[in-house]
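Protein chains get the first letters and strands the later ones, always in sequence-line order, with residue 1 at the start of each.
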2 protein chains.
Amino acid sequence: MISVDAFDLKILTALQDDGRLTNQELADLAGLSASQCSRRRMRLEEEKVISGYHADLSSEALGFGVIAFIQVGLATHSPDNSKRFRALVNRIDEIQEAYSLTGDADYVLKAVLRDLKGLSNLVNDVLMPHQSVAHVRSSIVLDRLKESAKLPLRDLKAG
Amino acid sequence: MISVDAFDLKILTALQDDGRLTNQELADLAGLSASQCSRRRMRLEEEKVISGYHADLSSEALGFGVIAFIQVGLATHSPDNSKRFRALVNRIDEIQEAYSLTGDADYVLKAVLRDLKGLSNLVNDVLMPHQSVAHVRSSIVLDRLKESAKLPLRDLKAG
DNA sequence: GTCCCGTTTGCACGCTCCTTGCGCGTCCGA
DNA sequence: TCGGACGCGCAAGGAGCGTGCAAACGGGAC
């Protein structure tokens, strides 16, 4: 079993805020020595509690003006068809996130595109014609209130 | 205007895959010297093309078993009410992403929780009772096909 | 209480990595 | 043709990293 103590939690919290923190900086935050932070970080990486580090790029600065949520219904629910659809989703870099959900649609995709032409291209030229897909409905993001992948390591208080 | 050349693109692509890459490793990937990669990285950070670095933590390893998408309709569409709702969303760490969308619902939230009790707590004890909120509909993620925040720096080819 | 053993810690040291100064080559406009 | 601006690699000084080691801590067995 993976055990994560209070020191580990401090390290994880700090690293998901700033993945480039120095062991010395971690040490100051966690109240440990730098070497110890190095050891703990290595352990957390080996145990895959930390699965990786990523630079966060500005979609605005790089000219990605459109985010869309795309609800997809499959043509059939056979295993083969699901497999085909998953393979399709995996090779489209514009699709950042993809989930199967309870409720109406079979899948929800989140895609990032340069412009509406890109979205049209994705929906009409890639998704719709694919044999696994029956119907597609897309919603465009008007405003982004919040966008991160941070886990809530401190627990939710009701109210 | 921000200008990003082919070297920058290689650096950005590499860093959104592995945010801890050494300047020397970047240099090998991009075909530059380490010092030059250091300089370019610093420029990209200053220009906010790179907005930050984050460790990616394993939700499974840390005991977050439930991801949910929550569609929220506001009670009224007054500016004050929107403001109240945004403030609410901002202080709930369980909500990783929040967008306003075209289409049916006013807002879509993506939340991460330890279990269904946590989701119930969030929906019934936090969101529903809030004065800004009229109705809430949640869908639970059954399967995660893909989950990243990488921008598609290579462009989409149709077909 | 006392002993023992496994774990965790801080410190020291050798090594890698980072960043800045510098000189060189190239490109473009005058 | 000349000159300035720019981007490059190299080198050096300083910061950061991780391993070895010994000391401190903690929990069982007796």
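- Closest approach to the B:Asn23 side chain among C:dT19, D:dG16, C:dC17 is made by C:dT19 (side chain taken as heavy atoms from C-beta onward).
- Spacing between atom CG of A:Asp5 and atom C1' of D:dG26 amounts to 15 Å, rounded to whole angstrom units.
- In terms of phosphate contacts, A:Ser33 brings no side-chain nitrogen or oxygen within less than 4.0 Å of OP1 or OP2 of C:dC11.
- No N or O donor and acceptor, one from the side chain of B:Ser35 and one from the base of D:dC8, sit under 3.5 Å apart.
- Where A:Gly31 and B:Ala34 each meet DNA chain C at their nearest nucleotide, the meeting point lying more 5' is that of A:Gly31.
- Once rounded to the nearest 0.5 Å, the distance linking CZ of B:Phe64 with CG of A:Leu153 reads 5.5 Å.
- Within the 4.0 Å cut-off from OP1 or OP2 of C:dC18, not a single side-chain nitrogen or oxygen of B:Arg39 is found.
- Considering every non-hydrogen atom in both B:Pro152 and A:Glu94, the closest pair reads CB-OE2, 3.6 Å.
- Looking at heavy-atom distances under 4.0 Å, B:Gln24 makes contact with sugar-phosphate atoms alone, never a base.
- In this structure, the CE atom of B:Met42 is 15 Å from the P atom of D:dC8, given to the nearest Å.
- Across the protein-nucleic acid pair, A:Arg41 atom CZ and D:dG18 atom C1' stand 10 Å apart, rounded to whole Å.
- Summary of the strand contacts: A:Leu21 and B:Leu32 both lie near DNA chain D, and taking for each the nucleotide with the nearest heavy atom, the more 5' one is attributed to B:Leu32.
- Comment: A:Asp8 engages A:Arg40 in a salt bridge, judged by a side-chain N to carboxylate O separation of less than 4.0 angstrom.
- Straight-line distance from the CZ atom of A:Arg43 to the P atom of D:dT19: 15 Å, rounded to whole Å.
- Counting non-hydrogen atoms under 4.0 angstrom, B:Arg40 reaches the backbone sugars and phosphates but no base.
- In this structure, the CD atom of B:Gln36 is 4 Å from the P atom of D:dC8, given to the nearest Å.
- By the ring pair (Phe, Tyr, Trp, His ring centres under 6.0 Å) test, B:Phe69 pairs with A:Tyr99, sequence neighbours left out.
- As rounded to whole Å, 12 Å separates atom P of D:dG18 from atom CD of A:Glu46.
- In this entry the distance linking OH of B:Tyr53 with P of C:dC18 reads 11 Å, nearest Å.
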Show me, pair by pair, the donor-acceptor contacts under 3.5 angstrom made by side chains of residues 127-134 of chain B, not counting sequence neighbours?
from	atom 1	to	atom 2	distance (Å)
B:His130	ND1	B:Ser132	N	3.3
B:His130	ND1	B:Ser132	OG	2.7

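- D:dG18 atom C1' lies 13 Å from atom CZ of B:Arg20, rounded to whole Å.
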